[in-house]
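See structure below.
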Amino acid sequence: MTQSTILRCCAVVLALLCGSAAAAQEIDILSVVGRPVLALAQRPELTTGLRFNSGGHRGALAARLRDPGPPVTQVAEHFLQGWACQPSGCRDGGVFLAYDRRDERIYLMLTENGAVRLSVPPDPRGWPEQLRAGVAEFIPALAEAIGTRP
């Protein structure tokens with residue numbers, strides 16, 4: 001068990017003992033850092049929003065969330081982000097998922113056959129600039145638009 005895992009567990013126990021369920025939940029979502037993006041998607045904070053926003057793409061989203069990708073990372077203290085892609089590449093089929101813990105907001109991009117099949121919110125120019133570097137690793141050409149809305 002790593003030192004960071006031990007510290008997280010201690011923080012959860014302390015929060016529970018002090019009666020702070022909200023603090024325990026906050027610590028708990030950080031447990032997805034270092035795990036596959038599927039772990040982030042399965043968090044209770046995201047499941048309803050993902051079901052609502054995926055619409056007719058639910059099957060494709062579920063498949064892409066199970067593809068390989070780098071572990072979930074924390075960005076700018078309040079964002080969690082991760083992605084997964086088909087072995088042939090993210091342009092062929094992939095998912096980028098981020099969650100803003102402060103505003104409780106989901107950012108989602110699903111790609112297929114070289115095109116964006118689903119984007120939540122739909123206009124990536126309105127996405128936070130803090131997600132630009134992650135999107136650049138997912139699909140570099142898509143990152144150019146992130147956060148550019150005046």
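Index from 1, following the sequence.
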Determine all donor-acceptor pairs shorter than 3.5 Å in which one atom belongs to a side chain in residues 64-73; sequence neighbours excluded.
unit_1	atom_1	unit_2	atom_2	d
R64	NE	D67	OD2	2.5
R64	NH2	D67	OD2	3.1
R66	NH1	A62	O	2.9
D67	OD2	Q86	N	3.4

Tabulate below the donor-acceptor pairs under 3.5 Å that side-chain atoms of residues 131-150 make, not counting sequence neighbours, or state none.
unit_1	atom_1	unit_2	atom_2	d
R132	NE	I146	O	3.2
R132	NH2	I146	O	2.4
T148	OG1	A145	O	2.8

Distance-only criterion, 3.5 Å: show the donor-acceptor pairs between side-chain atoms of residues 88-97 and protein atoms not counting sequence neighbours.
unit_1	atom_1	unit_2	atom_2	d
S88	OG	D92	OD2	2.9
R91	NH2	G114	O	3.3

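Hydrophobic clustering (side-chain heavy atoms under 4.5 Å, transitive across Ile, Leu, Val, Met, Phe, Trp, Tyr) groups L110 together with I106. Linking ILVMFWY residues whenever their side-chain heavy atoms come closer than 4.5 Å, directly or via other members, leaves F79 and L38 in distinct clusters. Residues V32 and V75 fall into different hydrophobic clusters, defined by Ile, Leu, Val, Met, Phe, Trp and Tyr side chains chained together at heavy-atom separations under 4.5 Å. L61 and M109 fall into different hydrophobic clusters, where Ile, Leu, Val, Met, Phe, Trp and Tyr residues are linked whenever their side-chain heavy atoms come under 4.5 Å apart, directly or through other members.
The CG atom of L46 sits 11.0 Å away from atom CZ of R51, with the distance rounded to the nearest 0.5 Å. Distance check: E77 CD to R102 CZ gives 9.5 Å after rounding to the nearest 0.5 Å. Here the CG atom belonging to L108 is positioned 5.0 Å from the CG atom belonging to L118, to the nearest 0.5 angstrom.
Sorted by first and then second residue, the disulfide (SG to SG under 2.5 Å) pairs with a member in residues 110-150 form an empty list; sequence neighbours excluded. A disulfide (SG to SG under 2.5 Å) check over residues 104-150, counting only residues at least two apart or in different chains, returns nothing. Counting only residues at least two apart or in different chains, disulfide (SG to SG under 2.5 Å) contacts with residues 107-150 are absent. Counting only residues at least two apart or on different chains, no disulfide (SG to SG under 2.5 Å) pair has a member in residues 110-150.
Side-chain atoms of Y99 and Q81, non-hydrogen and from C-beta on, never get closer than 4.5 Å to each other.
With sequence neighbours excluded, the residues that form a ring pair (Phe, Tyr, Trp, His ring centres under 6.0 Å) with Y107 are W127. Shown here are the salt bridge (Lys or Arg N to Asp or Glu O under 4.0 Å) partners of D123, two or more places apart in sequence or in another chain: R125.
E45 and R43 make their closest contact through OE2-NH2, 2.9 Å (heavy atoms, listed as atom of the first residue, atom of the second, distance).
Side-chain N or O atoms of R35 include none that pairs as donor or acceptor with a backbone N or O of L40 at under 3.5 Å.
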